[in-house]
Amino acid sequence: QLQLVESGGGLVQPGGSLRLSCAGSGFNTASYAIGWFRQAPGKEREGISCIRSRDGITNYADSVKGRFTVSRDNAKNTVYLQMNSLKPEDTAVYYCAAYSLMYGTCVLSPDFYHFWGQGTQVTVSS
């Protein structure tokens, strides 16, 4: 059974950092694109970053470009999202998701993703 589990969320002050993890089980993440999404109360789910796990090609939304970095460790079947210079507007539930992708750039639209984790809360506040 394919499963994704996020971890690493929490409360952080503005300007701080967090690293989220997305651990996959039941499938080989190397054959998939893994995306990171977030959803704040009253807002639509936003795609912020993705990685083509086969070779590490990445894609970022403008809202996080230069602050967030996605990476993967295929040996551990895990993808990471390093979040630096966090702002209060980054507060949201963060999700990882997967879809099968070997070639082409991964996309940030949630419509492409078939498998989702349960989410982890990130709160940026002083």
Side-chain angles (χ1 to χ4, degrees):
Q1 180 179 356
L2 190 150
Q3 190 173 16
L4 296 168
V5 178
E6 303 95 337
S7 61
L11 173 65
V12 64
Q13 292 187 341
S17 298
L18 280 176
R19 189 178 80 156
L20 305 183
S21 299
C22 173
S25 61
F27 71 109
N28 184 355
T29 57
S31 300
Y32 284 74
I34 306 296
W36 284 98
F37 299 80
R38 65 186 181 186
Q39 189 165 20
K43 295 189 176 181
E44 291 187 355
R45 190 165 294 190
E46 175 191 15
I48 56 174
S49 181
C50 62
I51 186 167
R52 190 172 73 190
S53 296
R54 180 176 65 86
D55 54 11
I57 300 298
T58 59
N59 192 10
Y60 295 93
D62 288 343
S63 58
V64 304
K65 199 172 294 184
R67 299 189 298 124
F68 292 8
T69 302
V70 62
S71 61
R72 92 287 192 212
D73 185 336
N74 288 342
K76 295 182 178 180
N77 238 26
T78 300
V79 170
Y80 305 97
L81 184 68
Q82 178 67 44
M83 305 187 296
N84 299 328
S85 302
L86 283 162
K87 307 173 182 179
E89 50 264 43
D90 293 318
T91 296
V93 177
Y94 283 70
Y95 301 88
C96 65
Y99 73 101
S100 180
L101 180 68
M102 292 295 289
Y103 302 98
T105 303
C106 59
V107 297
L108 299 178
S109 169
D111 295 339
F112 282 77
Y113 291 79
H114 305 303
F115 310 105
W116 290 82
Q118 82 289 350
T120 186
Q121 176 70 45
V122 172
T123 302
V124 185
S125 175
S126 55

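Only a predicted model underlies this, so the values are computations on that prediction, with no experimental measurement involved.
Of all non-hydrogen atoms in Val79 and Ser53, the two that sit nearest each other are CG2-OG, 4.3 Å. In plain terms, the two heavy atoms of Leu4 and Ala98 that are nearest each other are CD1-N, 3.8 Å. Here the closest non-hydrogen pair linking Gly47 and Ala61 is O-CB, 3.5 Å. Residue Asn74 comes nearest to Ala30 through the heavy atom pair ND2-CB, 3.8 Å, listed as atom of the first residue, atom of the second, then distance. Of all heavy-atom pairs spanning Ser17 and Asn84, the tightest one is OG-OD1, 2.9 Å. Residue Ser125 comes nearest to Pro14 through the heavy atom pair C-CD, 3.6 Å, listed as atom of the first residue, atom of the second, then distance.
Taking the side chain as every heavy atom from C-beta outward, Leu108 and Ile48 never approach each other to under 4.5 Å. Between Leu2 and Tyr32 the shortest side-chain heavy-atom distance falls below 4.5 Å. Using a 4.5 Å heavy-atom cutoff, the side chains of Arg52 and Thr105 are not in contact. Taking the side chain as every heavy atom from C-beta outward, Leu20 and Tyr95 never approach each other to under 4.5 Å.
Judged by distance alone, with hydrogens and angles left aside, the side-chain atoms of Glu6 form a donor-acceptor pair with the main-chain N or O of Cys96 at under 3.5 Å. With hydrogens and angles ignored, the 3.5 Å screen pairs no side-chain donor or acceptor of Gln39 with any backbone N or O of Ala92. With Asn77 contributing its side chain and Gly24 its backbone, the two residues share a donor-acceptor pair below 3.5 Å. Within the 3.5 Å criterion, the main-chain N or O of Val124 finds a donor-acceptor partner in the side chain of Thr91. Not a single donor-acceptor pair under 3.5 Å links the side chain of Tyr113 to the backbone N or O of Ile34. The main-chain N or O of Gly35 is never found under 3.5 Å from a side-chain atom of Tyr99 such that the two would form a donor-acceptor pair.
One hydrophobic cluster holds both Tyr60 and Ile51 under the rule that ILVMFWY side chains link at heavy-atom gaps under 4.5 Å. Put simply, Tyr94 and Val12 are part of the same group of oily side chains (I, L, V, M, F, W, Y) that touch within less than 4.5 Å, one to the next. Side-chain heavy atoms closer than 4.5 Å link hydrophobic residues (I, L, V, M, F, W, Y) into clusters, and following such links, possibly through other members, connects Leu81 to Phe115.
The number of heavy atoms from other shown groups lying within 6.0 Å of CD (Glu89) is above 12.
Sorted by first and then second residue, the pairs that involve residues 90-104 and meet salt bridge (Lys or Arg N to Asp or Glu O under 4.0 Å), not counting sequence neighbours, are Arg38-Asp90, Arg67-Asp90.
Atom CG of Asn28 sits about 10.5 Å away from atom OG of Ser100, to the nearest 0.5 Å. Here the straight-line distance linking atom NZ of Lys76 with atom OG1 of Thr29 works out to 12.5 Å at 0.5 Å rounding. Rounding to the nearest 0.5 Å places NZ of Lys87 at 8.5 Å from OG of Ser63. Atom NZ of Lys65 is separated from atom CG of Asn59 by 7.0 Å, given to the nearest 0.5 angstrom.
In summary, the side chains of Asp73 and Thr78 do not present any donor paired with an acceptor at a separation below 3.5 Å, with no hydrogens or angles considered.
Aromatic pair Trp116/Phe37: ring centres closer than 6.0 Å.
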CA sep, side-chain torsions, deciding dist, call: Gln121, Leu11, side chain to side chain contact (heavy atoms under 4.5 Å, CB included): CA-CA 8 Å; Gln121 176 70 45; Leu11 173 65; over 6 Å; no
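Arg19 forms a cation-pi arrangement with Tyr80, by the criterion of a distance under 6.0 Å to the ring centre and an angle within 45° of the ring axis.
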